[in-house]
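These notes are about the structure you will find just below.
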Amino acid sequence: MDREAGAAAGSPSGTDPQGGSEALRQERLAKRDRLRTRGVDPYPARFDRTATAAELHERHAGLAPDTRTGEIAAVAGRIAAIRGHGQLVFATLQDASGAVQLLVQRTGLADAAAAVVESWDLGDWVGAVGEVVTSRRGELSVEPSEVMMLSKAVRPLPDKWHGLNDPDTRYRQREVDLVANRDTRRVFDIRFAAVAALRRAMEAEGFVEVETPILQPQAGGALARPFFTHANALDIDLSLRIAPELYLKRLVVGGYERVFEIGRNFRNEGVDTRHSPEFTALEAYQAFADFRDGMDLTERLLVAAADAATGRRTFTSGERVVDLTPPWPRVDLLDEVEALVGRRLHPGDPRADVAAVCAELGMEVQPEWGSGKLIFELYDAVLLPHITRPTFVCGFPVEVSPLSRHSADDPAIADRFELVIDGREFVNGYSELNVPEEQEARFRAEIAAAARGDLEAHPGDLAFVRALEYGLPPTSGIGIGIDRLVMLLAEVSSIRDVILFPMLRPEAGPPA
RNA sequence: GCGCCUCUAGCUCAACGGCAGAGCAACGGACUCUUAAUCCGCAGGUUCCGGGUUCGAAUCCCGGGGGGCGCACCA
């Protein structure tokens, strides 16, 4: 099969997978063939490494110049720089741990090894076995008596000094971005350290990690437009999940008292610096707890992630500084709205009154929005963007919280919170609605909204209601947006910078 | 979806209506202590694509494509 054929000709902006630099590629192919002619395999099966670059630096810190340690080490990595000096060649060998210099005395090598060194290009994976020494300038080095080509790179890497800047290429060829740009690796190291820390923290809290369907007959658990696909075997259309929520709660019904899932959700909506069609969320449900416990858990989890991934608790976002030091303030949404508009609004107020307040603030409102939705939109558009420090906003209208338990004091208010940081929603959580007939009634209201044309109304889910009829214990649920968390921790402004392979248009589009 | 910006050598960028260039990488050469090595030499282009204006277009105009940012929608 020829994966590249379809994208060969006329590719835009120099990202042609066939490579526009055929001459450079041919040059390296020729070097590779010369190695084969000499009986050297440019793609051998394995290499016995005995030390990483970091281990050598750790073991031999502070050696005087021109020291011979007597230690023989076998190192492997990518050639990041070559400095030829006639019969003496310096190369910077980069591995996952760092870099170490190779100090190659070509005169001391066998012919075959000398030919291998001769064939080295930037980007090649090589192995070297030799004594650990320091150069006259004091640089820790391996002086190889034996060298191997481990994988010949036949395509040139980007400029070793300026790196790779073109965002298109960085996202399409992330592997090249990772090699060329140190900071890219830093961001993803933070991401994976944060996710690992969240898993550890959840495990320590007694949660079981589970997996629930991504292909679902009916996407639920959030208000969003799904992607659709088709299962040939059953000849049915399926949605990609927009949230794992309903399945996770069914597991709590089944007796898993503390469950969580870290996984991809898919929403067929806008793409911008804050939104990706596929994004990662952590959802967690704990029995016998309410939304206040959810806030406590949220605080512990995010602090654990920040500590493990960065060792810091303050982060900059543009001009702003965000301090994650707990505890975080907990405020009431209706109180905040009152402080903003100068009068107390309530979801039970006549719609016209609330709409008038929104109009005064210059908001565009939809005719089908009720008072609760209007108050929520007011919060979302006017209040939330100005909240910088981590803040739990509590008490959302039931109208916009179809899966949340209502407050004991006020049937129009849900026992729900959002954690807002730097003007963005990071976490959503609530006391889960566990009264089956009430859930069914909420679904009916959503179905009615859908009938009025609301594309994001929550679909009714009879299987979920049936599950509730077997009894969902009192339960607290939270959902954490992992991508946004990583953006904060890594201090980057675009969600694409924290997703390894963000969704892009295909490289070679259909003929115009 | 709308607006603004952007696309030039493998990479990073100049040239902005008048000969398409530099640095790095490559290639040939010198060099046994460099580390963005240095020095000498040499080569490398569908200026994203298609039209148009012009004596002349990388440059101006129109259309298309990719990407970025902002707005809208959303988390």
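Sequence lines set the chain letters: A, B, ... in the order given, protein chains first and strands last, and positions in each chain run from 1.
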Rounding to an integer number of angstrom, what distance separates [N] and [M] when you compare their [atom1] atoms?
N	M	atom1	result
B:C24	B:G17	P	30 Å
B:U59	B:A20	P	13 Å
B:A22	B:C42	P	12 Å
B:U47	B:U12	C1'	16 Å
B:G51	B:A14	C1'	28 Å
B:G70	B:G63	C1'	24 Å
B:C7	B:G50	C1'	16 Å
B:A57	B:C48	C1'	16 Å

Distance test, side-chain N/O of A:Ser135 to OP1/OP2 of B:U35, below 4.0 Å: no

Considering just the side-chain nitrogens and oxygens of A:Lys160, establish if one lies under 4.0 Å of OP1 or OP2 belonging to B:A26. no

Between [options], which nucleotide has the shortest distance from any of its atoms to the side chain of [X]?
X	options	result
A:His162	B:G23, B:U35, B:C27	B:G23
A:Asp159	B:C33, B:A26, B:C11	B:C11
A:Asp272	B:A72, B:G67, B:A25	B:A72
A:Gln101	B:U32, B:U35, B:A37	B:U35
A:Trp161	B:A37, B:G66, B:A36	B:A36
A:Pro156	B:C33, B:G10, B:A75	B:G10
A:Leu24	B:C33, B:A25, B:U35	B:A25
A:Asn165	B:C13, B:U35, B:G10	B:C13
A:Ala81	B:A37, B:A75, B:U32	B:A37
A:Leu164	B:U12, B:A36, B:A26	B:U12

Please list residues of residues 486-501 of chain A whose heavy atoms come under 4.0 Å from any atom in RNA chain B, ordered by number; otherwise none. A:Ser494, A:Arg496

Would you indicate what [X] reaches in the nucleic acid, counting non-hydrogen atoms under 4.0 angstrom: base, sugar-phosphate, or nothing?
X	result
A:Ser276	base
A:Ser141	nothing
A:Glu27	sugar-phosphate
A:Gln105	base
A:Leu504	sugar-phosphate
A:Phe426	nothing
A:Gly270	base
A:Gly84	base

Strand partner of [N], provided both Watson-Crick or wobble distances fall under 3.5 Å:
N	result
B:A57	none
B:C31	none
B:G23	B:C11
B:U47	none
B:G70	B:C2

Close side-chain approach of [X] to [Y], heavy-atom, < 4.5 Å:
X	Y	value
A:Tyr171	A:Asp497	yes
A:Lys152	A:Trp125	no
A:Leu248	A:Glu261	yes
A:Lys160	A:Leu157	no

Write down the distance between [atom1] ([X]) and [atom2] ([N]), rounded to a whole number of angstrom.
X	N	atom1	atom2	value
A:Asp166	B:U12	CG	P	6 Å
A:Arg267	B:C73	CZ	P	17 Å
A:Glu22	B:A25	CD	P	22 Å
A:Asp177	B:U12	CG	C1'	14 Å
A:Arg136	B:U32	CZ	P	11 Å
A:Lys31	B:C27	NZ	C1'	9 Å
A:Arg172	B:C48	CZ	P	17 Å
A:Asn265	B:A75	CG	P	12 Å

Starting at the 5' end of RNA chain B, which residue's closest nucleotide do you reach first, A:Glu278 or A:Arg505? A:Arg505

Relative to the 5' end of RNA chain B, which residue comes earlier, A:Asp121 or A:Glu143, by the nucleotide with the nearest heavy atom? A:Asp121

Donor-acceptor pair, side chain of A:Arg389 and main chain of A:Trp328, under 3.5 angstrom: no

Taking the six-membered ring of A:Phe396 (Phe, Tyr or Trp), confirm whether the NZ or CZ of A:Arg416 is under 6.0 Å from its centre and within 45° of its axis. yes

Any salt bridge between A:Asp124 and A:Arg78, counting N to O under 4.0 Å? no

Less than 4.0 Å between a side-chain N and a carboxylate O, is that true for A:Arg106 and A:Glu118? yes

Between A:Tyr430 and A:Phe291, does the ring centre distance come in under 6.0 Å? no

When you measure only distances, ignoring hydrogens and angles, does the side chain of A:Asp168 come within 3.5 Å of the base of B:G68 through a donor and an acceptor? no

Is it true that A:Asp95 and A:Thr52 share a donor-acceptor pair across their side chains at a distance under 3.5 Å? no

Establish, from distance only, whether the side-chain atoms of A:Gln173 and A:Arg155 form a donor-acceptor pair under 3.5 Å. no

Nearest-0.5 Å distance that lies between atom CZ in A:Phe464 and atom OH in A:Tyr247: 11.5 Å

